[in-house]
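A quick write-up on the structure given underneath.
Values reported hereafter were calculated over all heavy atoms of this structure, with side chains retained and with hydrogens, waters and symmetry mates removed. Below, read A as the first sequence line, B as the second, and so on, with proteins coming before strands; counting in each chain starts at 1.
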2 protein chains.
Amino acid sequence: MPRPKAFDEEAVLQKAVNLFWCRGYEATSVQDLVDGLGINRASLYDTYGDKRELYIKALEHYRDAEHNGFCQWMDQSRPAIDLLRDLFTGGIRQSVDDPQQKGCFLVNATIELAPHDPAIARIVAANQRTFEERLRQVIERGQREGSINRAHSAADLARFLFTTFTGLKVMSRARPDLSAMQAVMDVAMSTLQPID
Amino acid sequence: MPRPKAFDEEAVLQKAVNLFWCRGYEATSVQDLVDGLGINRASLYDTYGDKRELYIKALEHYRDAEHNGFCQWMDQSRPAIDLLRDLFTGGIRQSVDDPQQKGCFLVNATIELAPHDPAIARIVAANQRTFEERLRQVIERGQREGSINRAHSAADLARFLFTTFTGLKVMSRARPDLSAMQAVMDVAMSTLQPID
DNA sequence: CACTACGTGGAATGTTCGTTCCAAAACTAC
DNA sequence: GTAGTTTTGGAACGAACATTCCACGTAGTG
């Protein structure tokens with residue numbers, strides 16, 4: 001039988017997520033990875049392929065974690081409007097509390113790599129569609145419940161919320177100001193108000 | 001007297017803007033710059049300092065151009081709400097028409113460099129403040145005119161519009177979909193409606 | 001026409017890049 | 001304990017990196 005790996009593949013992948021998330025793809029060297037992951041060069045290449053493949057695996061790992069978290073969030077039986085507000089406050093808190101100002105890994109990947117790397121572009125575009133679709137479902141529920149107005153279609157509101165959230169994640173990379181972000185959230189949430 | 005430069009400093013700087021804007025800082029090598037700018041290595045270093053200084057000069061050049069364009073826009077004597085709508089449609093058109101999907105240079109710089117480069121962070125944060133302040137002025141005018149409601153403060157609406165616009169510029173780097181962007185704009189603009 | 005001064009072209013600097021390779025260590029199965 | 005297989009540590013690879021340097025060319029001045 002082969003000698004077993006001396007490291008936990010997923011734990012190392014999570015470390016890779018943090019490294020790439022923090023500094024981006026180009027600015028993170030393989031040496032940085034070897035140092036930061038605590039594994040050997042050869043193990044890195046044997047286990048994950050090359051640098052780009054590791055980046056993609058890390059990005060997918062991050063996406064899956066976000067996705068799982070979001071699904072748990074979504075399944076709560078509370079008014080849809082409250083869920084959405086919590087989603088924003090959670091994202092804002094995360095941004096404000098992060099001393100490294102990492103923002104959102106998927107947003108960072110979109111900016112740095114999407115226009116020149118079709119594989120990355122496919123991942124971030126698919127994630128966008130998935131995320132908007134799940135938001136749409138929650139919004140539709142809210143519209144049925146009456147906690148969200150019908151002035152705009154659920155699909156358009158979903159796109160809108162996703163875009164605004166993305167904008168906040170950019171802001172959190174430069175100037176993560178709690179009150180400013182909350183103000184943005186309040187205005188964004190006001191589009192859902194069931195005044196109609 | 002010295003021999004004059006054989007190139008137009010500002011024209012070359014504009015080329016540098018396009019190169020860095022398109023590929024980012026790390027992915028653009030000095031060789032790319034020498035090839036793309038059409039000037040010699042030595043001239044590049046003599047005239048602009050090193051790579052990072054050239055990037056900063058390019059970023060400032062871009063910011064100044066955007067700033068000038070925005071001021072001209074702002075000074076038109078039309079209802080504020082129309083100005084804001086035109087600002088969005090203009091930004092969306094630019095995004096959709098750009099085959100290189102460059103997005104916004106300042107947004108790209110925020111994501112790639114702001115958390116790790118204080119000089120860049122200062123530039124993008126100052127630009128954010130300036131831009132939001134100018135938006136606030138337009139919105140205040142609209143509130144006085146009655147074309148924009150007073151449900152939120154002009155400052156909050158300005159922050160909100162800036163953030164949403166930023167989100168659109170991220171989207172334009174991955175999936176510049178005209179109708180999706182217009183939908184986002186419509187929802188965002190609905191926060192300004194003078195229904196009150 | 002010659003002198004001077006600076007821009008220009010391209011070679012050369014040392015460093016770091018991503019990747020590969022190999023001998024030695026480590027672990028399982030017999 | 002030994003055989004067999006795979007990970008591991010670290011050296012080694014060529015290519016590309018940002019930057020510097022210098023001889024040459026060219027323009028303006030006296």
Candidates [options] - which lies nearest the side chain of [X]:
{"X": "B:Ala42", "options": "C:dG18, D:dC21, D:dT8", "value": "D:dC21"}
{"X": "A:Ser29", "options": "D:dT7, C:dG18, D:dC17", "value": "C:dG18"}
{"X": "A:Asp46", "options": "D:dT7, C:dG7, D:dC17", "value": "D:dT7"}

Inset, instruction - Could you tell me whether the phosphate oxygens of C:dT8, OP1 or OP2, come under 4.0 Å of any side-chain nitrogen or oxygen in B:Ser43? - result: yes
Between [atom2] of [N] and [atom1] of [X], the distance in whole Å:
{"X": "A:Gln31", "N": "D:dA11", "atom1": "CD", "atom2": "C1'", "value": "13 Å"}
{"X": "B:Tyr48", "N": "C:dG7", "atom1": "OH", "atom2": "P", "value": "12 Å"}
{"X": "B:Asp50", "N": "D:dC21", "atom1": "CG", "atom2": "C1'", "value": "17 Å"}
{"X": "B:Glu26", "N": "C:dT16", "atom1": "CD", "atom2": "C1'", "value": "12 Å"}
{"X": "A:Leu44", "N": "C:dT20", "atom1": "CG", "atom2": "P", "value": "12 Å"}
{"X": "A:Tyr45", "N": "C:dC22", "atom1": "OH", "atom2": "P", "value": "17 Å"}
{"X": "A:Lys51", "N": "C:dT19", "atom1": "NZ", "atom2": "P", "value": "8 Å"}
{"X": "B:Leu54", "N": "D:dC17", "atom1": "CG", "atom2": "C1'", "value": "16 Å"}

Inset, instruction - Indicate, yes or no, whether a donor-acceptor pair under 3.5 Å links the base of D:dT19 to the side chain of B:Arg41. - result: yes
Inset, instruction - Establish whether the base of C:dG9 is bridged to the side chain of B:Asn40 by a donor-acceptor pair shorter than 3.5 Å. - result: yes
Inset, instruction - Return the set of residues passing side-chain contact (heavy atoms from CB on, under 4.5 Å) with B:Asp177 (not counting sequence neighbours), or none when no residue passes. - result: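 Only B:Ser179, B:Ala180 meet the side-chain contact (heavy atoms from CB on, under 4.5 Å) criterion with B:Asp177.
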Inset, instruction - State, to 0.1 Å, how close B:Met171 and A:Gln128 come at their nearest heavy-atom pair, and which atoms those are. - result: CG-NE2, 3.5 Å
